[in-house]
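One-based numbering, in listed order, for ligands and for the atoms of each.
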Amino acid sequence: MKSETVTITDNSTGKTVECPILKGTYGAPVIDTAALYKELGMFTLDPGFTTTASCRSAITYLDGEHGILLHRGYPIEQLAEQSSFLEVSYLLLHGELPTADEFADYESQIKRYNNVHEHLMRFFNGYRYDAHPMSIMVGVTGAMASYYHETVDVKNPEHRMQTAHRLIAKMPNIGSKVYKHGVGEPFIYPDNSLGYIENLMNMMFAIPSEPYELHPQAVQALDKLMILHADHEQNASTSTVRLSGSSEANPFAAISAGISTLWGKAHGGANEAVLEMLEEIGDPKNVHKFVDRAKDKNDNYRLMGFGHRVYKNFDPRATIISKACHEVLDDMDPNSELRPLMEIAMELEKIALEDEYFIERKLYPNVDFYSGIILRALGIPTSMFTVFFAMARSAGWIANWLELMEDPDFRIGRPRQLYIGSEKRDYIPLDKRG
Ligand code: SDX
């Protein structure tokens, strides 16, 4: 069968190049432009990579037009309802849902790895008491490279999977200690009589002087939130991890780079920025003022939690979280300090979804619009929201790192550019300059 191609012609020279069209399981086909530079001496230019496929991947599929999100083929709606974050992390890493024995073995490995070296605790002392939690996450996760450097050969598949299991195991330990550092409470060690999410919450909220009661609804809500944030195709932070990993950097250092990228409020930092925005709005009657600012071309203000590079329809994760959010509001104590914020959020959602500016630009609430409200309802401070995002997304990051390192086309990532700087010119000695 004749392989499908596109013909690109340089009309100034008449030279042409045939570029193969590659098709995947689902989604837009891609044009393999590898021959472009060799045949026409040209690169492609795509700031923000809006139409660039950076890799072949079998992990996650997104359809932004139809609001579809699949992890290894399984719809996010089914995973959120029937699975657990730990099981989804296995699925992302290994490509298949585990059998009972496989999951039991995986869970025992995660419990075996969930402690961190005692010396790692000393890193926390170097941070101010009020350091942003993400600044600590970046540093302490990167510091783990110092404990697993000589012993990790990134070319060894067993070392790679062991690293992946270590990361999944240790992120809740580090994330909970980031919280403890901020509130000045003693660090709590993992308790392996507990499940993965229970352990995380216990390490965060327990104090040595009294027992900590885990609420099943809170555990379930947090587990669901972590599933919804586990992976999301080649987003900015995942692409960062891939680019770092492509130089054969230490995987913990590559994950630390991903955490740095996630921190930005255009990306994972949006959930924290949503709560700050709701607090700034302060009252449902002020919503119109903020919506008008977001629409004003002369004001670079944006509504946090709205819009998405891929989803030009609803974000399926937002639909799932929005339902949980409304349940939280219905069950909420009428006097809860969160209720006014929820009411502002609902008013903002209503107005924005009816406004031509948002409809025309297909700006819908994204996962971050609602996740912060549930995290706050679980007693998690705003500054810790993106830490939760990072703990969940570490599963997707390390799954992508594994896939990158196993890719037959593995090579260091090295984009080119369109140079628009000065023409060649000679150096002028200081005493000859104007
Ligand atoms: C995440 O990639 C992923 O998958 C990310 C993520 C994941 O799981 O990894 O889903 C997580 O990062 C979700 C997004 C969280 N960020 C926010 O909520 C921040 C607010 N949203 C935006 O800044 C913005 O929508 C982005 C960054 C999310 C997407 O930006 P794009 O795709 O580059 O869109 P754009 O900047 O080209 O905007 C298109 C138009 C512009 O107007 P015009 O110039 O056409 O007139 O829409 C406008 C923008 O001004 N616009 C907004 C807006 N977002 C876009 N206007 C007001 N408020 C907004 N939030």
Side-chain angles (χ1 to χ4, degrees), residues 46-54 57 59-65 67-71 76 80 88 92 134 225-242 258-278 281 287 289-321 345 348-349 351-353 355-373 385-386 388-397 399-400:
D46 182 18
F49 311 116
T50 52
T51 56
T52 294
S54 62
S57 181
I59 301 172
T60 289
Y61 172 67
L62 301 190
D63 177 333
E65 297 309 317
I68 293 171
L69 171 55
L70 308 177
H71 291 317
I76 191 65
V88 169
L92 293 172
M134 285 298 277
L225 267 181
M226 298 272 283
I227 291 171
L228 296 174
H229 286 78
D231 190 49
H232 212 239
E233 201 211 57
Q234 301 311 315
N235 59 83
S237 52
T238 298
S239 299
T240 301
V241 171
R242 278 184 173 260
I259 295 173
S260 301
T261 301
L262 186 75
W263 190 1
K265 70 177 184 177
H267 189 15
N271 52 21
E272 179 179 351
V274 165
L275 261 290
E276 287 161 0
M277 173 184 71
L278 295 177
I281 293 174
V287 166
K289 213 168 32 179
F290 284 79
V291 170
D292 292 345
R293 275 194 61 194
K295 291 159 60 177
D296 179 354
K297 295 302 285 176
N298 302 316
D299 186 339
N300 59 11
Y301 180 80
R302 289 191 166 187
L303 290 183
M304 291 294 106
F306 278 83
H308 197 279
R309 171 60 59 77
V310 174
Y311 291 124
K312 298 309 173 191
N313 198 319
F314 59 94
D315 176 339
R317 304 165 300 172
T319 307
I320 296 166
I321 290 190
L348 182 55
E349 179 193 43
I351 292 175
L353 290 181
D355 187 289
E356 199 40 50
Y357 172 94
F358 291 86
I359 295 168
E360 190 187 310
R361 290 166 180 79
K362 301 181 177 180
L363 301 174
Y364 294 86
N366 56 47
V367 66
D368 294 294
F369 182 69
Y370 303 99
S371 57
I373 294 165
F385 290 177
T386 314
F388 268 89
F389 198 151
M391 287 192 283
R393 186 54 57 87
S394 52
W397 288 331
N400 276 272

Counting only non-hydrogen atoms and a 4.0 Å cut-off, the residues near ligand 1 are His232, Asn235, Lys265, Ala266, His267, Ala270, Ala294, Lys297, Arg302, Leu303, Met304, Gly305, Phe306, Gly307, His308, Arg309, Arg317, Tyr357, Arg361, Leu363, Asn366, Asp368, Phe389, Arg393

Notebook entry, point to check: Between the main-chain N or O of Asp292 and the side-chain N or O of Asp296, is there a donor-acceptor pair closer than 3.5 Å?
Noted result: no

Verify whether one side chain among Tyr311 and Glu65 offers a donor that lies under 3.5 Å from an acceptor in the other.
no

d(Met391 CE, His229 NE2) to nearest 0.5 Å is 11.5 Å

On a heavy-atom basis, the closest approach of Phe358 and Lys295 is CE1-CG, 4.1 Å

Rounding to 0.5 Å, atoms CD1 (Ile321) and OH (Tyr370) come to a distance of 9.5 Å

*Establish, yes or no, whether a centroid distance under 6.0 Å links the rings of Phe389 and His232.*
no

